[in-house]
Amino acid sequence: MQPVTLKTWISRFGAGLAVVAALWALQLYALPSLNDYYQIVLINAGIAVILAVSLNLINGITGQFSLGHAGFMAIGAYVSAYFTKEIGTQILDPINFALGITVGALAAGVAGLLVGLPSLRLRGDYLAIVTLGFNQIIVSIIRNLEIVGGASGYTDIPRFTSFAWTFALVFGCILTVRNIAVSSLGRSMRAVRDDEIAAEAAGINTTQIKVLAFAFSAMWAGVAGALQAHFIQVANPSDFTFLRSVEVVVSVVLGGLGSITGSALAAVGLRVLEEVLRDVPGVIWTSLGLIALATYWSYPRHRAAIARGFAGVAGWLIGPVVALIVVAAAYFFAYDFLAQSKGALRYLLYALILIVLMLLRPQGLLGRGEWSLRRRVQVTADERG
Amino acid sequence: MEFLQQFANALTQGSIYALIALGYTMVYGVLRLINFAHGDIYMLGAFIGLFTAKLTGAFAASQNSVAVSPFATILIFIAAMLGSALVGMLIERFAYRPLRGAPRLTVLITAIGVSMLLEYGGQMAFSPDPQGFPALIPERNMVESGSFSLSLVQFVIVGAAFALMIGLQMLVNKTKVGRAMRAVSLDRAAASLMGIDTNRIIAFTFALGSALAAAAGVLNSIYQPSIDPLMGVNVGLRAFVAAVLGGIGNIPGAVVGGLLMGFAETATVAAGLSQYRDAVAFGILILVLIVRPAGILGRSVAEKV
């Protein structure tokens, strides 16, 4: 570990500036060649990454279980939108937006602090329900606040969110969460996750750690809310209900509780999957992918038998064949039906992901590990000898 | 008079919450699991009731405003309760039993998944739009004086709910199965060593809780005749709050909690704050968990290290 000097700070600042400059350049020169649809998907994916990575701080690294992330998001969205629309209109747009995001994030952070307080006395499943309750309470309060549009939503929010803004904040979110995770604070958080009583006995102020995790995570949820509100230009209370929270939880659980890269990849993956499932070719490709996945998964189990001939190969292929039959049956018998009920299908997919994942691979895709390019390269090199 | 009327309404609503809360509390007792899907079992009960009503012709009769025969009504209740009990057992068998011994968070996430599966599977199977429910019980007032009226439906709901709750109390306290249930909820490992087939008792508990929720679903649908696949979400959450309020794991506690929730909700609506119903329910939950986490009738258990 090198000592942190003024030089370190200058180089860090420089690196940050370089990232922002690179994003800005991308937005100016590369983005116009991309059509609008992909830009929308990209920004939505960025917002989903911020939500998932920040929730991972509570659910994965600190081992508490929050089901109320959308509530903090709502606070960020409404407070920032109120600021940019009503208060900061005279200021230059980017500064107005930056201030709006800051105010929204701070408000969400304070809410996180308040929600974090009852978590001091509650364990796992109770905490989940209480955070869910806070989410519902926040939504029902907003629904009755006429000053921000009430149940019909807050409209005419200026459109400030852009590619560069979103991904600069995605970068900031991943960086700060990662830095917390590797610092002594992160070590304390993991100690609380692994055994709260032992952590307390070892002198960790568990109260402080848990409240900090909540406040910090809520702050980033607020940022995500601000980005979303200034992107779709409307904030509606029904966008921030329990279901939105579950979406975030699904990404975190799918990526692996405690894995930052896992959360980010799963969030992007789910967004892409949703977009892909919107049209027919996408559905076909996804089904083919599922069949291929079934083949791949059943391979190790039957690897030894395959060498012994026909029966072994048949055993190996049972998984994919069943998948194929199910997909074919779905096409023939249920195509119209499935096309009609697209909205429900999305949440059904989430439900199946949660159940199947918990039964087969409860640690998620990446577990607690991180995906890293360096290690990939290392592993490949080792395999080559 | 106004007060009496509200009291009757609160009692009706409260008995429905109490019936659902019993399922939460029993499952929590034997498995230490918050069965998120329980509110959706209530929804399923209402829908099975609707289908049986269509099959037996009760639905058509009700639409032509002909009185539904009491046999059809009883049949509808039995079908809904048996069907939901079966679904409850299937959920336990395929979603929760493989996770026996897994971390509680894993089971909780599965429960959220099962709940969403039922809600959105329900939307696909029954269409997301609200549907009407037949008037299985004639609309007649039992008592009527001035502005106060007590309808037969309300009377039947309170009566049936209390009959079921007394039946459950007898089952748990007087029969062999009930004794096994109590043993499992005290100490599952020890119960298993004493020769109790714990898996069977847990499955039975799910079946029992689901049947009570289904009964609540049909009763509530007669009272408020509009059902949709997401109807169980909020009712389920309020019933859960009721179970915690009374002391989760405690059967009389669930009844007390359910009735109190009914009164709290009626008071909220009477005060003109019906928009804040959920907020009040969760406010009560947070307050209980902070002030007295063991609930009204529960005993606090010291955490062993």
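In what follows, every chain begins at residue 1, and chains take the letters A, B, ... in the order their sequences are listed. The basis for the numbers below is simple: all heavy atoms, side chains too, and nothing from hydrogens, waters or symmetry mates.
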Original post:
Which residues in residues 252-261 of chain B have a heavy atom less than 4.5 Å from any heavy atom of chain A?
Top reply: none
Subject >> Point-to-point distance, once rounded to the nearest 0.5 Å, from OH of Y350(A) to CD1 of I112(B) >> reply: 14.5 Å
Subject >> Option that, when pairs with chain B are counted at under 4.5 Å, heavy atom only, ranks first among I353(A), I129(A), L352(A), V253(A) >> reply: I129(A)
Original post:
Quick one: are I286(B) and I137(A) in side-chain contact, heavy atoms under 4.5 Å?
Top reply: yes
Original post:
Any side-chain heavy atom of I109(B) sitting closer than 4.5 Å to one from F65(A)?
Top reply: yes
Original post:
Are L285(B) and Y126(A) side-chain neighbours, meaning at least one heavy-atom pair lies under 4.5 Å?
Top reply: no
Original post:
Are F94(B) and L359(A) close enough that some pair of their side-chain heavy atoms sits under 4.5 Å apart?
Top reply: no
**OP:** Measure V246(A) against the heavy atoms of chain B and call it side chain, backbone, both or neither at under 4.5 Å.
**Re:** side chain
**OP:** Verify the neighbour count for atom CZ of R200(B): are there more than 12 heavy atoms of other residues, nucleotides or ligands below 6.0 Å?
**Re:** no
Original post:
Checking heavy atoms, do the side chain of L243(A), its backbone, both or neither come under 4.5 Å from chain B?
Top reply: side chain
**OP:** Heavy-atom distances under 4.5 Å only: say whether I138(A) touches chain B with side chain, backbone, both or neither.
**Re:** neither
Subject >> CE on M116(B) to CZ on R346(A), rounded to 0.5 Å >> reply: 9.5 Å
**OP:** Drop me the distance from Y120(B)'s OH to L349(A)'s CG, to the nearest 0.5 angstrom.
**Re:** 13.0 Å
Subject >> Spacing of T106(B) atom OG1 and L354(A) atom CG [to the nearest 0.5 Å] >> reply: 11.5 Å
Original post:
Quick one: does L132(A)'s side chain get under 4.5 Å of L237(B)'s, heavy atoms only?
Top reply: yes
